[in-house]
Amino acid sequence: MLKHERTEANSHPYDQNRTSSRYHLSQQTVNLCALSTSGDLLYARRVFHTIQSPNTFMWNIMIKGYSNDKNPEGAILLYNQMLHNSIQHTEYTFPFLLKACAKLARLEETEQIHSHIVKTGFSSDVYSANSLLHAYAKSGKLVSARCLFDRIAERDIVSWNSMVDAYVKNKEIEAACRLFNQTPVKNVISWTSVIAGCVTSGSFKDAIHIFQKMQIAGVIPDSTVLASILSACANLGALDQGKWIHAYIDKNQMQIDEALGCNLVDMYAKCGDIVDALKVFRTIKNKGVHTWTAMITGFAIHGCGREALELFRDMQKAGVKPNQITFTSALTACSHAGLLEEGKFLFESMQRSYSLTSSIEHYGCMVNILGRAGCLTEAEELIKTMPMNPNATILGALLSACSIHRNFDLGKRLGKTLIEADPNHAGRYIQLATTFAATGEWDQAVKVRKMMKDRGVTKFPGCSSIELSGVVHEFYVCDWSHQQMKEINLMWDRIMVRLRQVGYIPMTGNLLLDLEEEEKETAIHRHSEKLAIAFGLINSEPGTKIRVVKNLRVCEDCHTATKLISEIYSCEIVVRDRTRFHLFKDGKCSCGDYW
DNA sequence: CTAGGGTTAG
């Protein structure tokens, strides 16, 4: 096809008196259009096709232009044309071409190009080898990538970094760290790769630790690594660390690009500081969909449904189109704030006005919204009529709604289905046992507990963390290893005395039935958030906000106790749950007791 | 004219 077009161009009258300077002009035009970010690839291609016999340089430029495009397919097509026309390669041809293959994760083409590289004698070119390594990694061919890496005679820093990144992207974090440690000379990209690897694998503390080592090694952070670290801070709820990064950015007058701004907003929001999140958000110019979505999510997890929806409208006024994730955030906002009608409207408009397909997550949000409002039949109906099979999350959401609205028949049915579907999930057994207990069917409840025990299913350990002067302290259920455990126990005893004075009764009904009543009390008082709160009260000035981050959802007893503690000690306690924030103040919680 | 690193939900 391409050849044909060129033949047509050749017959064009202007081409009859083509001069050398005209050729240069075309060359420059192609160059400019194909390479500049604001360039016009289509136009470059048109001009390219008017050139009778473009040299390799021009072909390379065109391939490069395509390799940077959203759809780099054209690079491969052009390369085929090049082969077809017997155009000679240069060492510049392969890196661009392989970049396109990498983007498209095209293994077959990568392998073919590999053999071309060998045949044409470019195997020793480190640029081509590194590009090839990267393309193999993107196709998931770790073994081929490593094999190639081992054979590169003169490995440079890019070879090492690409191989580390190959392990990271294929979820082999340990191998990545091993290779990183062997890397002879490291730059900021080397460090970023392992740090990002830690972040994606959930090792947030490791990420921060490695970042500190990076600074000790004298490597200057750039905005990419800071974006990763901010994400780690957001996940940990490490506000002080995050603020330090923000100050670093300001002090060094670093440009706040989309990703950095987005992560700053996300960090403040997830660390419980919605005011600063909004402050940063407002200063960001040219906000893209990521940034808007991060802020909407921030409002959502704080239970600020109205604000989230208002921002959703502002976003569209600003001409930014919401994507599927934006809708998940907006719907989550509705579910946490109990906005039934708004949620329904959003869910419908998503397909109608934005032609976005609803994923199972969106249906999940709707089930939560309907479930919270007590529309259980409607929620069940939605699950039945949705185009995909329900997963455990969605049925779990309906089950929670059943418990809240005391629809035990449906609850029991769902509980059984869920255990069958996911027999290693402890929470499902507990949900079902609790449902039986609620209807007085103790023997059934015991049976479910026993089934869980027999199958060796164990609860995911609850963990709460609290940041104190830049250090994140973690507490696990029934873990006594913290240095200050003695003081924490004494503090908790004192808290208990005052709690009982205001009429608090430990809620032990939902606990393991084979424990004595006293043991049950001990067990719930070892819940990680209670340890963290006691620790926070010991180590901070009276009146200081106490911020706790929990990996699971807060239990009802802890929720009640924390409300009372906020009143007794006149302090604000912010607990970040698995799904949202709870701001405890004057004996009340911002979630309105629905979570 | 070359190669490698980041973000929003659940």
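Since we're looking at a predicted model, the values are computed, not measured.
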| request: Identify which nucleotide among B:dA3, B:dT7, B:dT8 has an atom closest to any side-chain atom of A:Ala259, counting heavy atoms from C-beta outward. | output: B:dT7
| note | Whole-Å distance, A:Phe122 CZ to B:dC1 P, equals 17 Å
| said: Quick test of the criterion, 5.5 Å between centres and less than 30° between planes. Is A:Tyr127 stacked on B:dT2 or not? | reply: yes
| Separation of A:Asn235 atom CG from B:dG10 atom P, in whole Å? | 12 Å
| task | Run the salt-bridge test on A:Glu258 and A:Lys287 with the 4.0 Å N-O cut-off and return the result as yes or no. | result | no
| message | Within the 4.0 Å heavy-atom criterion, would you say A:Asn187 contacts the bases, only the backbone, or no part of the nucleic acid? | response | base
| query | Quick one: does A:Asp222 reach the base of B:dG5 with a side-chain donor-acceptor pair under 3.5 Å? | reply | yes
| field | Length of the NZ-P vector between A:Lys99 and B:dT2, whole Å | value | 9 Å
| A:Trp160 ring center near A:Phe180 ring center (under 6.0 Å) | no
| request: Look at the side chain of A:Asp156 and decide which nucleotide, out of B:dT7, B:dA9, B:dA3, has an atom nearest to it. | output: B:dA3
| remark: Quick note, A:Tyr92 side chain, CB onward, closest among B:dC1, B:dG6, B:dG10 is B:dC1
| Ring centroid separation for A:Phe94 and A:Phe122, is it under 6.0 angstrom? | yes
| Ring-base stacking, A:His290 with B:dT8 (5.5 Å, 30° cut-offs) | no
| query | OP1 or OP2 of B:dG6 less than 4.0 angstrom from a side-chain nitrogen or oxygen of A:Lys169, does that happen here? | reply | yes
| request: Answer with base, sugar-phosphate or nothing: what part of the nucleic acid does A:Asn263 contact at a heavy-atom distance below 4.0 Å? | output: sugar-phosphate
| request: Look at the rings of A:His116 and A:Tyr79 and say which category their plane angle falls in: under 30° parallel, 30 to 60° tilted, over 60° perpendicular. | output: tilted
| request: Please state how far atom CE in A:Met82 lies from atom C1' in B:dC1, giving the value in whole angstrom units. | output: 12 Å
| field | Between B:dG6 (P) and A:Ile245 (CD1): distance, integer Å | value | 17 Å
| request: Before accepting this row, confirm whether a basic side-chain N of the pair A:Asp314/A:Lys317 lies closer than 4.0 Å to the acidic partner's carboxylate O. | output: yes
| query | OP1, OP2 of B:dT2 versus side-chain N and O of A:Lys64: anything below 4.0 Å? | reply | yes
| task | Round to a whole Å and report the spacing from CG of A:Leu311 to P of B:dT8. | result | 17 Å
| Can you tell me if A:Arg576 uses its side chain to pair, donor with acceptor, with the backbone of A:Lys270 under 3.5 Å? | yes
| Sugar-phosphate only, base, or nothing, as touched by A:Thr293 at under 4.0 Å among non-hydrogen atoms | base
| query | Looking at B:dG5, B:dT7, B:dT8, which one has an atom nearest to any side-chain atom of A:Val199? | reply | B:dT7
| Base, sugar-phosphate alone, or nothing: which one does A:Val265 contact when heavy atoms must sit under 4.0 Å apart? | nothing
| request: May I ask you to say what A:Lys270 touches in the nucleic acid, namely base, sugar-phosphate or nothing, with a heavy-atom cut-off under 4.0 Å? | output: sugar-phosphate
| Separation of A:Asp276 CG from A:Lys243 NZ (nearest 0.5 Å) | 6.0 Å
| message | From the set B:dT8, B:dC1, B:dA9, return the single nucleotide nearest to any side-chain atom of A:Ser329. | response | B:dA9
| Length of the line joining A:Asp257:CG and B:dG6:C1', which is rounded to integer Å | 9 Å
| Is the base of B:dG5 touched by the side chain of A:Thr192 through a donor-acceptor pair closer than 3.5 angstrom? | yes
| query | What nucleic acid atoms does A:Ile360 come within less than 4.0 Å of, heavy atoms only: base, sugar-phosphate, or nothing? | reply | nothing
| task | Please check the phosphate of B:dG5 (OP1 and OP2 only) for any side-chain N or O of A:Ser228 closer than 4.0 Å. | result | no
| message | Can you measure A:Met295 atom CE to B:dT7 atom P for me and round it to whole angstrom units? | response | 20 Å
| request: Assign A:Gln324 to base, sugar-phosphate, or nothing according to its heavy-atom contacts below 4.0 angstrom with the strands shown. | output: nothing
| Out of B:dG6, B:dG10, B:dT8, whichever nucleotide has its closest atom nearest the side chain of A:Thr332 | B:dG10
| request: Could you check whether A:Ile157 gets within reach of a base, just the sugar-phosphate, or nothing at all, counting any heavy atom under 4.0 Å? | output: base
